[in-house]
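Each remark here refers to the structure printed beneath this line.
Values in this document were obtained by computation on a predicted structure and should not be read as measured data. Just the heavy atoms: all of them, side chains too, but no hydrogens, waters or symmetry mates, feed the values below. Residue numbers begin at 1 in each chain, while the letters A, B, ... track the order of the sequences.
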Number of protein chains: 2
Amino acid sequence: MTGDRKRPAGSVDVARLAGVSQKTVSRVFNNEPRVSGETRERVLAAARELGYRPNSAARALLTGRHYRIGVVSLGTAHFGPSSLLVALERAARRISYSLSVANSFEEDATGLKAAVDNLLVQGVDAIILSEPVDDEGGEPLVIDVPVLALGAAPVVQAPTVLSVRAAEGGDAAAEVTRYLLGLGHRTVHHIAGPPRWWAARERRHNWHDTLVAAGAEVPESRSGDWTARSGYELGRDLARDPDVTAIFAANDEMAIGVIHALHEAGRDVPGEVSVAGFDDIPVAAHVWPSLTTVGSDNAELAEVGLTYLTDFLNDPEHVPPAPPQHVHQMVIRNSTARPSA
Amino acid sequence: MTGDRKRPAGSVDVARLAGVSQKTVSRVFNNEPRVSGETRERVLAAARELGYRPNSAARALLTGRHYRIGVVSLGTAHFGPSSLLVALERAARRISYSLSVANSFEEDATGLKAAVDNLLVQGVDAIILSEPVDDEGGEPLVIDVPVLALGAAPVVQAPTVLSVRAAEGGDAAAEVTRYLLGLGHRTVHHIAGPPRWWAARERRHNWHDTLVAAGAEVPESRSGDWTARSGYELGRDLARDPDVTAIFAANDEMAIGVIHALHEAGRDVPGEVSVAGFDDIPVAAHVWPSLTTVGSDNAELAEVGLTYLTDFLNDPEHVPPAPPQHVHQMVIRNSTARPSA
DNA sequence: GGGGAGAATGTCTACGTAGTCATTTCGTGC
DNA sequence: GCACGAAATGACTACGTAGACATTCTCCCC
């Protein structure tokens, strides 16, 4: 009945059907004020009949705005990045933006640049670096749209670089380390994340400084790759050392791997060795023993960061003075205890 | 030195600098054959100097192709969907497509429609439904681009609906159930996923049919929400029932929750109760006890599905006769064993 | 050296929308 | 009933690219 439409209806078709000019259709769909209620109704009815949908490409061509934000995530399905991505999409959609994703894969040295280029080519109004890594190559990444870095500001050259920082005194890694020392452990061993990652370096750094400040011996730390498997492998070495009574892993999955290794070696957790993780992944409360860890509210981080970013996009002159902050929350469960004896 | 460019360079600017026509620039950037090597060089040099990047919006406006694929994922950070998303992006980028994500949130009944609309508005060449859920409303979802359903074909009305199916005889849930029965368990209890989810229904269905085929009693199954917490809560009930000796959870996280509940109730796993999961998440090998589960190669699923889809987009007349298939692989670990006496 | 084929490049145009500015319509006061 | 400002609408145009078609150039052969 409606006739087959070879190509989708445009605002001109809607205008013809509604008996108005194309410009008026444009006005209706952009919620411009100078349109009478009756005309608006008529246009909307016509649009509905034709199944009209504004052409985003034409709009972007003309205005230069895409209403799309690119997110550089990492090529992993770890809980942190994944939940952040979900939260970002949700926050973006609420303000009528859409999200494009590009992953920077660990094994590919040029991954970050390739991911960013992929986003720039398709047209994005800004780029969010979720869990940034540093480019090893040394030459800074050139990005010609504003950048929001979540958690850190890596070496990028962009018109504007915004960031969401950890709250003052909210060094979560330090808090965990202090907590373990406070239980009576002589020192705390650390299993770090890959050093390329800003988050991994920061956690290691805070752990290190906390030990030094407390006058505790600083054991050598070794780096895993965030996976439970890497935690397991590094954990087997630690399990052999009877002096090890407390281990802080840079994320929960490695912590779970460490506990696995300790179990296998016959060392009780937390009886002989305390283990703490980082992230508070959903299973952390349900593994055996349940994991002491630090959670962060990724939903809020995404919401706050995205608002900060789009506020800037809408009014670049008016950069908020202070970047928003992000807080962590330690959760004490059963994988940590006072040292025996 | 390069002078400030208020707006980014276009192909016209490049053409002027290179001393050629705009159309020739277009040819170079589209790898068209009729361009001499020397001209190509000159154009590329000019483009480099100006920092030229083809305007995707203009191209999309003219050609109607966006080289962008929309993925409807779910608003969760579970391993299955997340790893699939990562794999899809990787596969898409390899063939010069980009990916837009929209999440359909569980709590929002209109989530699926809203997610799809968000994708359609921004312009995508096709939509991938990862882990589809059925719209409860009953009225089918109308999508005016081709759709690829991974794992199932939900009720959508689209010009083309492709799907990737489970391989023949690859009923992974059936395989797990048979395996548990084969160990000597009288029957197998099941903790299902949310019934809206196609995957949850299918696993439950296969579990059910396998029990019936084996002449085993079919216990009532209850549904969780994929989280470890829901598995824990449902598991507490099962832990009280001494007849329960084998439990098959619809995903690994719920299985971990179930084991938690059993531990708490003092029931040994796998000594008294065997528990199997589904997905083979990375920590499954490292929890205590390590988890018997079923893994699937999401990277391959993404690769195969995306190739199938883009082949179709490039040549719609030539639909491959049979949809590609997807295989699962059972991994037996320490959470399952023969029933004790 | 004229002709011709094919390679290389150019000209012109349309895609669908929103900005700019012009024009029409409406309501109000006198 | 006329002037006048504001509200409502319209006409025209540009955005950056690629398709269709035209034109020029190159090389080779008789």
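Interface remark: the R27(B) side chain does form a donor-acceptor pair with the dG10(C) base, using a distance-only criterion of under 3.5 Å. A donor and an acceptor atom never sit less than 3.5 Å apart when one is taken from the side chain of R53(A) and the other from the base of dG16(C). The base of dA18(D) lies close enough to the side chain of Q22(B) for a donor and an acceptor atom to sit less than 3.5 Å apart.
With N103(B) as reference, E89(A) is the one residue of E89(A), R90(A), R93(A) to meet the side chain to side chain donor-acceptor pair (under 3.5 Å) rule.
Protein atom CG of L62(A) is 5 Å distant from nucleotide atom C1' of dA18(C), rounded to whole Å. Rounded to a whole Å, the CZ atom of R65(A) is 19 Å from the P atom of dT17(C). When rounded to the nearest whole Å, the span between CZ of R59(A) and P of dT17(D) equals 20 Å. Computed from coordinates, the E41(B) CD to dA8(C) P distance equals 15 Å when rounded to whole Å. As a whole-Å value, the separation of H66(A) NE2 from dG16(D) C1' is 11 Å. Between the C1' atom of dT9(D) and the CD atom of E38(A) lies a distance of 13 Å, rounded to the nearest Å. Y67(A) places its OH atom 13 Å from the C1' atom of dT17(C), with the value rounded to the nearest Å. dG10(D) atom P lies 14 Å from atom CZ of R16(A), rounded to whole Å.
Taking side-chain N and O atoms only, R34(A) has a distance below 4.0 Å to OP1 or OP2 of dA8(D). Within the structure, every side-chain polar atom (N or O) of T24(B) is placed at least 4.0 Å from both OP1 and OP2 of dT9(C). Close to dG16(C), at under 4.0 Å from its OP1 or OP2, lies no side-chain N or O of S11(A). Taking 4.0 angstrom as the limit, S36(B) places a side-chain polar atom (N or O) nearer than this to OP1 or OP2 of dT9(C). At the phosphate of dA18(D), OP1 or OP2 sits under 4.0 Å from a side-chain N or O atom of N30(B).
For S100(A) and S100(B), the side-chain atoms include at least one donor-acceptor pair closer than 3.5 Å. Side-chain contact of S98(B) with N118(A): a donor-acceptor pair under 3.5 Å is absent, judged by distance alone.
Closest approach of L99(A) to A92(A), counting heavy atoms only: CD1-CB, 3.8 Å.
The side chain of T39(B) has dT9(C) as its nearest neighbour among dG16(D), dT17(C), dT9(C). Candidate nucleotides dG16(C), dG19(C), dA20(D) were compared by shortest atom distance to the side chain of K23(B), and dA20(D) ranks first. Side chain of N55(B), nearest nucleotide from dC15(D), dG16(D), dA11(D): dG16(D).
V25(A) comes within contact range of no nucleotide atom at all, as no heavy-atom separation falls under 4.0 Å.
No side-chain donor-acceptor contact under 3.5 Å links S82(B) to the backbone of F79(B). Looking only at distances, a side-chain donor or acceptor of D125(B) sits under 3.5 Å from a matching main-chain atom of H66(B).
If R42(B) and A58(B) are placed on DNA chain C by their nearest nucleotide, the residue sitting closer to the 5' end is R42(B).
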